[in-house]
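Everything quoted here is computed from the prediction, not taken from an experiment.
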Amino acid sequence: AEGTKNCPHPRDGAVLSWQQNLLAGGIARGVCIGALFPVDALKTKLQLKENASGRFSDVGSAFRGLDAALLGQIPYGMLVFGTYEVLKAELLGRLGAERRVVAWVVAAL
């Protein structure tokens, strides 16, 4: 589409649209939160000494609150990772390859 910013992938030269970068960021954040949520829940229980044995009463208790966490974290991942890739590509275009480190740092801010 005209006016769409595309971001080159460093490994294979493939180009991702800004929509694909947003989707990839959301998926990555969702998978990460889903995988680490039970570990974080256990850590919190141990810190609060709710369950000194380090065990959950059932499997469901390890995932209690996951839906709320995903509701907030998936859009966050989309914005953070999606905008980073778009800004990085724009800055690389303006600054050139010789100043790529500057572009990476500025895009990350």
Side-chain angles (χ1 to χ4, degrees):
E2 204 170 295
T4 301
K5 295 286 184 194
N6 292 326
C7 303
H9 191 279
R11 276 190 238 142
D12 58 9
V15 177
L16 299 177
S17 69
W18 65 270
Q19 295 98 333
Q20 290 169 319
N21 280 308
L22 287 177
L23 183 62
I27 290 170
R29 189 70 178 176
V31 168
C32 180
I33 293 299
L36 295 178
F37 194 83
V39 175
D40 192 44
L42 177 60
K43 176 193 67 125
T44 301
K45 281 182 175 280
L46 290 172
Q47 287 174 336
L48 295 174
K49 297 184 187 218
E50 287 182 12
N51 190 351
S53 67
R55 296 182 183 170
F56 291 106
S57 57
D58 59 26
V59 175
S61 67
F63 292 96
R64 192 170 293 126
L66 177 62
D67 52 349
L70 289 174
L71 190 62
Q73 291 296 318
I74 288 176
Y76 170 76
M78 292 173 75
L79 290 173
V80 169
F81 296 110
T83 52
Y84 169 75
E85 292 296 333
V86 172
L87 286 174
K88 182 179 75 172
E90 181 68 29
L91 289 169
L92 284 171
R94 290 180 184 212
L95 298 175
E98 64 277 354
R99 298 187 67 200
R100 67 182 176 272
V101 174
V102 173
W104 297 339
V105 172
V106 171
L109 296 177

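Applying the side-chain contact (heavy atoms from CB on, under 4.5 Å) rule to Ala107 yields the partners Tyr84, Leu87, Lys88, Leu91; only residues at least two apart in sequence or on another chain are considered. Taking Leu23 as the reference, Ile27 meet the side-chain contact (heavy atoms from CB on, under 4.5 Å) condition, with sequence neighbours excluded. Here Val102 pairs with Leu95, Arg99, Val106 under the side-chain contact (heavy atoms from CB on, under 4.5 Å) rule; sequence neighbours left out.
In this structure, CZ on Arg64 lies 10.0 Å from CZ on Phe37, to the nearest 0.5 angstrom.
Residue pairs meeting the side chain to side chain donor-acceptor pair (under 3.5 Å) criterion with at least one partner in residues 100-109, sequence neighbours excluded, do not occur; the list is empty.
Other residues sharing a hydrophobic cluster with Leu36 under the 4.5 Å side-chain heavy-atom criterion for ILVMFWY residues do not exist; the residue is a singleton.
No path of Ile, Leu, Val, Met, Phe, Trp and Tyr side chains, each step under 4.5 Å between heavy atoms, connects Leu70 with Val31, placing them in separate hydrophobic clusters.
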For residues 71-81, which side-chain N or O atoms pair as donor and acceptor with protein atoms under 3.5 Å away, sequence neighbours left out?
{"residue": "Gln73", "atom": "OE1", "partner": "Arg29", "partner atom": "NE", "Å": "2.8"}
{"residue": "Gln73", "atom": "OE1", "partner": "Arg29", "partner atom": "NH2", "Å": "2.5"}

